[in-house]
A.B. asks: 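Let me begin by handing over the structure; questions about it come next.
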Amino acid sequence: MRYPRLRYRSERDGLIASDALLLCFYMQHPNERIAPAVIRALELFRERIRPLELEGYQGGGQVNRLDDSAWRKLREETLEPGPDTAALLILEGKSHRLDDLYVDYRGLDVIPLPWPDRKDDVSVLYLRLPTEYLEEQGPEQVRALALDVAAELPFNSGYVDFALCSDVWDFDKALELIRPRYPGVHLASGSANLRMNTWVDGVHWMNFLGQPVLGKLGGVAGLREHLKFPGMSLQDMSGDRVLITLGDHPEPGDVESGQTLPLHRALAKLLEPHLFHWKLPYFHLNTEQMLRWERRFLE
């Protein structure tokens with residue numbers, strides 16, 4: 001399957017929004033508890049995406065070459081960042097562009113953070129691949145990769161989907177690329193969004209659910225009772241977690257082709273009380289516009 005190329009460029013020809021394949025996992029655990037699992041997941045990810053390679057890392061205010069020596073140092077710093085220190089690990093492909101490889105891990109030192117405006121922050125592993133990876137490797141390989149990565153992580157929630165990535169301050173421009181034609185394309189930040197608490201970040205092709213939302217929905221048995229739809233699959237995972245998959249591949253939901261995304265709508269209805277809503281102020285996008293987009297599967 002070929003996916004639409006969704007790009008928005010600034011007046012200076014800078015890429016400020018781009019389609020991509022996202023794997024994202026939210027964990028309500030401090031770094032010291034999850035760092036070994038995250039490192040295992042990252043090493044697996046780096047090995048499985050070959051011949052694509054992460055070639056740089058951010059440090060000291062610049063991008064540095066990611067060789068074996070640098071990775072050993074980053075690995076050590078993530079596993080043992082020091083007392084009362086959060087972990088930050090940002091790895092990049094050949095470029096800094098939104099259509100390239102990108103890894104953003106934010107491991108908090110303590111959860112919840114002691115500041116009222118940061119009370120919803122959680123640790124996040126954000127993995128971005130170019131859309132070409134999905135097209136060339138196929139959804140089955142993407143699914144296998146995502147399952148193996150997820151198996152390592154004590155996630156509260158997570159997802160895999162075809163997405164449009166943008167800085168949140170450019171969401172207004174990005175949204176115009178997908179509204180109203182592609183409701184199945186997830187509008188996502190170009191980096192990790194920490195303010196997830198235990199909410200669920202939308203409805204996707206692959207939906208990973210853990211506690212507490214899974215328990216509130218009646219566990220795996222409760223989900224099976226409510227989600228009896230052809231094309232929707234549930235896979236029980238160890239550690240009281242589940243994967244809900246909608247169809248065989250990510251679906252942009254092209255309305256010009258008559259795609260109505262009934263599986264997305266069914267899951268959205270079930271997850272409605274637990275869905276995340278953006279609360280940040282926007283320069284060009286008002287709250288009503290964003291809420292209308294977030295509720296596109298509910299109306």
Side-chain angles (χ1 to χ4, degrees), residues 21-49 75 78-81 86-87 89 103-113 120-127 139-161 186 192-228 232-246 267-268 270-271 273-276:
L21 175 68
L22 282 188
L23 295 75
C24 196
F25 299 92
Y26 302 100
M27 297 163 283
Q28 203 176 40
H29 302 286
N31 178 70
E32 67 175 354
R33 187 178 302 170
I34 64 175
V38 170
I39 290 298
R40 289 194 302 271
L42 283 177
E43 290 181 331
L44 183 152
F45 178 78
R46 293 183 68 199
E47 177 63 31
R48 295 277 292 276
I49 64 173
R75 186 179 186 278
T78 303
L79 289 169
E80 299 181 8
L89 184 59
V103 169
D104 188 351
Y105 169 59
R106 313 288 178 100
L108 301 188
D109 55 333
V110 61
I111 293 179
L113 290 173
D120 291 325
D121 284 17
V122 296
S123 297
V124 182
L125 179 60
Y126 174 106
L127 307 171
E140 281 303 316
Q141 183 153 325
V142 170
R143 177 184 166 89
L145 169 65
L147 271 168
D148 287 346
V149 169
E152 299 290 350
L153 302 171
F155 59 80
N156 296 91
S157 67
Y159 69 86
V160 179
D161 212 350
H186 178 53
N193 172 23
L194 279 67
R195 302 191 176 195
M196 196 57 57
N197 203 307
T198 58
W199 294 302
V200 177
D201 193 5
V203 173
H204 305 279
W205 172 46
M206 298 180 69
N207 306 269
F208 292 93
L209 291 181
Q211 296 301 332
V213 172
L214 180 58
K216 293 177 180 179
L217 296 174
V220 177
L223 286 177
R224 291 193 188 281
E225 183 65 27
H226 287 96
L227 298 175
K228 297 178 179 179
M232 183 183 294
S233 67
L234 273 68
Q235 182 169 340
D236 198 355
M237 300 179 66
S238 63
D240 206 13
R241 302 170 300 166
V242 68
L243 167 63
I244 306 170
T245 306
L246 309 184
L267 183 57
L270 183 66
L271 292 178
H274 311 290
L275 294 176
F276 170 77

A.B. asks: If the condition is side chain to side chain contact (heavy atoms under 4.5 Å, CB included), which residues does Gln141 pass it with, not counting sequence neighbours?
C.D. replies: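 Gln141 satisfies side chain to side chain contact (heavy atoms under 4.5 Å, CB included) with Tyr133, Gln137 only.
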
A.B. asks: Side chains of residues 209-221: which donor-acceptor partners sit under 3.5 Å, not counting sequence neighbours?
C.D. replies:
unit_1	atom_1	unit_2	atom_2	d
Gln211	OE1	Gly215	N	3.1
Gln211	NE2	Asp240	OD2	2.6

A.B. asks: Which pair of heavy atoms, one from Pro154 and one from Met27, lies closest together, and at what distance?
C.D. replies: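 Reported closest heavy-atom pair: O-CG, 3.7 Å.
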
A.B. asks: With sequence neighbours excluded, what pairs up with Tyr159 under the ring-ring contact (aromatic ring centres under 6.0 Å, His included) test?
C.D. replies: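 With neighbours one apart ignored, the set is His186, His204.
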
A.B. asks: Determine the minimum heavy-atom distance between Ala86 and Pro81, stating which atoms define it.
C.D. replies: O-CB, 4.2 Å

A.B. asks: Under 3.5 Å, is there a donor-acceptor pair between the side chain of Ser157 and the main chain of Tyr26?
C.D. replies: no

A.B. asks: Rounded at 0.5 Å granularity, tell me how far CD in Gln28 sits from CG in Leu108.
C.D. replies: 10.0 Å

A.B. asks: Judged by atom type as modelled, is there a donor-acceptor pair below 3.5 Å linking the side chain of Asn31 to the main-chain atoms of Thr78?
C.D. replies: yes

A.B. asks: State which residues pass salt bridge (charged side-chain N to carboxylate O under 4.0 Å, His left out) with Glu47; sequence neighbours excluded, sorted by chain then number.
C.D. replies: Arg50

A.B. asks: Which heavy atom of Leu270 sits nearest a heavy atom of Pro273, and at what distance?
C.D. replies: O-CD, 3.7 Å

A.B. asks: Judged by atom type as modelled, is there a donor-acceptor pair below 3.5 Å linking the side chain of Arg75 to the main-chain atoms of Glu43?
C.D. replies: no

A.B. asks: Nearest 0.5 Å, what's the CG-CG distance between Leu153 and Asp148?
C.D. replies: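 If I round to the nearest 0.5 Å, the distance is 11.0 Å.
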
A.B. asks: Which residues pass the salt bridge (charged side-chain N to carboxylate O under 4.0 Å, His left out) test with Arg224, not counting sequence neighbours?
C.D. replies: none

A.B. asks: Using modelled atom types only, decide if a donor and an acceptor are shared between the side chain of Asp104 and the backbone of Tyr126 within a distance under 3.5 Å.
C.D. replies: no

A.B. asks: What closest approach, in Å, do Arg195 and Asp121 show between heavy atoms, and which atom pair accounts for it?
C.D. replies: CG-OD1, 3.3 Å

A.B. asks: Could you give the distance from CG (Asn156) to CG (Asp201), rounded to the nearest 0.5 Å?
C.D. replies: 13.0 Å

A.B. asks: Looking only at heavy atoms, which two atoms of Ile111 and His29 are closest? And how far apart?
C.D. replies: CD1-O, 3.2 Å

A.B. asks: Out of curiosity, Thr245 OG1 to Leu147 CG, how far, rounded to the nearest 0.5 Å?
C.D. replies: 7.0 Å

A.B. asks: Would you find more than 12 non-hydrogen atoms of other residues, nucleotides or ligands less than 6.0 Å from Arg33 atom CZ?
C.D. replies: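 12 or below, so no.
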
A.B. asks: Identify the heavy atoms of Trp205 and Pro139 that sit nearest to each other, and give their distance.
C.D. replies: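 For Trp205 and Pro139, the tightest heavy-atom pair comes out as CH2-O, 3.5 Å.
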
A.B. asks: Suppose we screen for ring-ring contact (aromatic ring centres under 6.0 Å, His included). Which residues come up paired with Phe45, at least two apart in sequence or across chains?
C.D. replies: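 Partners of Phe45 by the ring-ring contact (aromatic ring centres under 6.0 Å, His included) criterion come out as none, since no residue qualifies.
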
